[in-house]
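Along the sequence shown, residues are numbered consecutively beginning with 1.
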Amino acid sequence: MNIIKYNSFLIAIFIFNSLVSLIFKIFPLPNLPVSVIFAVLSLPVLLNGLRFSPVLLIVPLFLVVWVSFNILITDSEMETITYTLALIIPFGFVTSIVSAIPICKQTLLNYLKSFSLLNFMLLAYMALFLPQLYLDRDVMNYMTYGYWMLTSALVFSLLYIMHDDRVMLVLAVLAGVFIVFFGSRFASVCFVFGSFALYIYMKGITKIAVVTIIAVLVTTSVIAINLENVLLFILSITELFDLQPTSLYRLLKMVSSDSLAISTGRDSLYTISLEVIKNNPFGVGVYGYYKDLLQGNFGLFRYPHNIFIQLVLEFGIFGGVGIIISIIMLIYFNLKYIEPSSGWLFVLLLMINTKLLVTGSYLWEMSFWMFIVIGATNIMVYKKERRQRI
């Protein structure tokens with residue numbers, strides 16, 4: 001088995017990890033635990049990994065120290081800690097090791113294209129023809145839908161930018177439309193921002209980029225001025241086809257009400273989180289904030305919904321700020337020193353992870369661990385090549 005090519009497949013399926021869950025949601029298949037599937041798929045790479053570099057031991061060792069410290073200072077119940085470990089081991093531990101092993105980037109691009117198309121088609125099919133699944137909160141919700149579609153949209157944008165493939169551009173726009181109609185507002189923002197960021201990173205600030213940005217801003221401003229009428233018109237059409245564009249209905253409710261609050265409870269969540277930080281400046285550990293956030297009736301899962309706040313909650317002001325600065329430096333060095341031909345995967349993962357600013361948790365976000373490890377690997381390779389040149 002060609003481990004490098006197989007690892008390229010693993011990285012692609014890890015980026016589209018939601019695709020496995022999506023298949024089980026749509027088709028009547030035995031609902032196997034996703035974590036088990038990924039662990040089994042990773043075995044060939046895990047068993048052969050050390051022959052590439054003993055340095056790979058640093059990755060799991062670092063993660064073990066990270067998690068152990070987090071657990072030691074928490075006052076969470078053992079059930080919560082066990083649940084967290086069950087997520088971190090397959091989604092963090094395994095992903096970190098796999099991400100540190102070399103890949104074939106052309107093979108990875110081919111897999112990303114295939115998985116992106118499949119993910120897009122299944123999500124589009126669900127929204128258009130399976131509204132009972134799309135509207136069932138035990139199966140799907142508009143936020144999950146938007147961020148799952150976001151991954152396809154960003155990959156389509158990247159493929160268009162790299163190969164000037166107009167088909168990919170059309171697919172990116174269509175995926176963006178599905179996000180706007182059926183996803184969350186921030187997923188739409190992530191798509192627009194991420195697509196422009198990828199373009200500028202790969203090709204620089206060109207005239208086409210500037211004109212497109214101006215056109216988007218002008219169009220958005222015009223729509224915003226007449227937003228309620230535009231929404232009513234679009235919804236009158238979607239109702240003819242019995243579609244359920246949840247995002248548009250939520251947006252119409254917002255613009256039609258007296259309150260234009262868009263935080264969906266996050267402002268209260270952030271306020272309580274900051275109060276916990278104030279009372280526990282050295283951190284509360286993994287899910288140590290669960291009981292405090294549980295006191296608020298936010299209709300949200302009991303985590304901060306912001307990666308920076310979560311890190312400070314868990315590791316304290318000094319530890320959390322130190323980790324945040326390290327992440328910022330990782331981004332800076334990758335953007336400054338790594339050529340786009342080598343750094344595009346890191347930037348793609350960075351754009352995918354922008355969702356962690358308002359939702360999700362880095363603990364079980366596979367793209368986050370890939371982002372950290374691949375970014376660090378890029379820097380190590382750059383420094384090694386620089387020493388060889390000297």
Side-chain angles (χ1 to χ4, degrees), residues 11-12 14-15 17 55 58-59 62-63 66 91-92 95-103 105 108-109 112 147 150-151 153-155 157-158 161-162 186-187 189-205 209 213 304-386:
I11 292 293
F14 281 6
I15 290 174
N17 60 86
V55 177
I58 296 175
V59 176
F62 171 77
L63 191 56
W66 174 300
F91 295 146
T95 303
S96 297
I97 298 177
V98 168
S99 302
I101 295 175
I103 58 173
K105 290 190 175 178
L108 174 60
L109 277 172
L112 285 176
Y147 293 119
L150 173 66
T151 307
L154 290 174
V155 169
S157 295
L158 176 67
I161 295 164
M162 295 180 76
F186 194 71
V189 174
C190 290
F191 165 62
V192 175
F193 173 78
S195 296
F196 280 121
L198 284 167
Y199 186 94
I200 292 172
Y201 173 73
M202 298 294 293
K203 294 193 174 184
I205 303 177
I213 291 173
H305 282 64
N306 179 282
I307 184 174
F308 298 138
I309 293 178
Q310 182 176 350
L311 287 170
V312 177
L313 273 170
E314 292 176 351
F315 295 98
I317 295 174
F318 294 106
V321 170
I323 294 171
I324 292 169
I325 291 174
S326 300
I327 292 174
I328 293 173
M329 293 300 294
L330 182 70
I331 296 171
Y332 171 77
F333 280 115
N334 271 270
L335 295 181
K336 183 174 177 64
Y337 296 111
I338 307 302
E339 292 294 322
S341 58
S342 300
W344 58 264
L345 178 57
F346 174 82
V347 177
L348 174 65
L349 291 168
L350 173 60
M351 294 302 105
I352 291 174
N353 279 297
T354 52
K355 64 185 178 184
L356 292 177
L357 293 172
V358 299
T359 192
S361 170
Y362 74 90
L363 290 171
W364 60 73
E365 186 60 54
M366 299 176 81
S367 61
F368 172 79
W369 298 108
M370 284 189 283
F371 158 76
I372 294 294
V373 175
I374 289 173
T377 302
N378 286 346
I379 297 301
M380 288 190 292
V381 170
Y382 168 79
K383 289 184 176 181
K384 181 179 179 181
E385 292 177 347
R386 187 179 181 185

Asker: Please table the atom pairs, donor to acceptor, closer than 3.5 Å between any side-chain atom in residues 329-343 and protein atoms at least two apart or in another chain.
Answerer:
unit_1, atom_1, unit_2, atom_2, d
Asn334, OD1, Asn378, ND2, 3.1
Asn334, ND2, Leu330, O, 2.9
Asn334, ND2, Gly375, O, 3.2

Asker: As an exercise, state the distance from CD of Gln310 to CG of Asn306, rounded to the nearest 0.5 Å.
Answerer: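 The CD atom of Gln310 sits 9.0 Å away from the CG atom of Asn306.
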
Asker: When rounded to the nearest 0.5 angstrom, what distance separates OG in Ser367 from CZ in Phe14?
Answerer: 12.0 Å

Asker: Rounded at 0.5 Å granularity, tell me how far CD1 in Ile200 sits from CD1 in Ile161.
Answerer: 9.5 Å

Asker: Going by heavy atoms in the side chains, are Phe308 and Leu357 under 4.5 Å from each other?
Answerer: yes

Asker: Between OG of Ser195 and CE of Met351, what distance do you get to the nearest 0.5 Å?
Answerer: 10.0 Å

Asker: Restricting to non-hydrogen atoms, name the atom on Pro304 and the atom on Leu313 that form the minimum distance, rounded to 0.1 Å.
Answerer: CG-CD1, 3.3 Å

Asker: Looking at every heavy atom in both Tyr362 and Trp369, which two are closest together, and how far apart are they?
Answerer: O-NE1, 3.2 Å

Asker: Say you draw a straight line from CZ of Phe193 to CG of Leu154; how long is it, rounded to the nearest 0.5 Å?
Answerer: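 Nearest 0.5 Å value for the CZ-CG distance: 11.0 Å.
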
Asker: Taking all non-hydrogen atoms of both residues, which atom of Phe186 and which atom of Thr354 are closest, and how far apart?
Answerer: CE2-O, 3.4 Å

Asker: May I ask you to test the Leu349-Met370 pair for a side-chain heavy-atom distance under 4.5 Å?
Answerer: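 Leu349 reaches Met370 side chain to side chain.
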
Asker: Nearest 0.5 Å, what's the CD1-CD1 distance between Ile379 and Ile374?
Answerer: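 Atom-to-atom, Ile379:CD1 and Ile374:CD1 are 13.0 Å apart.
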
Asker: Show every salt bridge (charged side-chain N to carboxylate O under 4.0 Å, His left out) that has at least one partner inside residues 352-372, sequence neighbours left out.
Answerer: Lys355-Glu365

Asker: Would you indicate whether Lys383, at its atom NZ, is surrounded by more than 12 heavy atoms from other residues, nucleotides or ligands within a distance under 6.0 Å?
Answerer: no

Asker: Mark yes or no for whether Trp364, through its side chain, and Gly92, through its backbone, hold a donor-acceptor pair below 3.5 Å.
Answerer: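 Absent.
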
Asker: Pick from Ile324, Ile323, Ile307: which one makes a side chain to side chain contact (heavy atoms under 4.5 Å, CB included) with Val312?
Answerer: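 Only one of Ile324, Ile323, Ile307 forms a side chain to side chain contact (heavy atoms under 4.5 Å, CB included) with Val312, namely Ile324.
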
Asker: Can you name the closest pair of heavy atoms from Ser157 and Phe191 and give their distance?
Answerer: OG-CE1, 3.8 Å

Asker: What pair of heavy atoms forms the shortest contact from Leu150 to Cys190, and how long is it?
Answerer: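 What the structure gives for the nearest pair is CD2-CB, 3.7 Å.
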
Asker: Quick check: closest heavy atoms across Leu311 and Ile327, and the distance to 0.1 Å?
Answerer: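 Closest heavy-atom pair between Leu311 and Ile327: CD1-CD1, 4.2 Å.
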
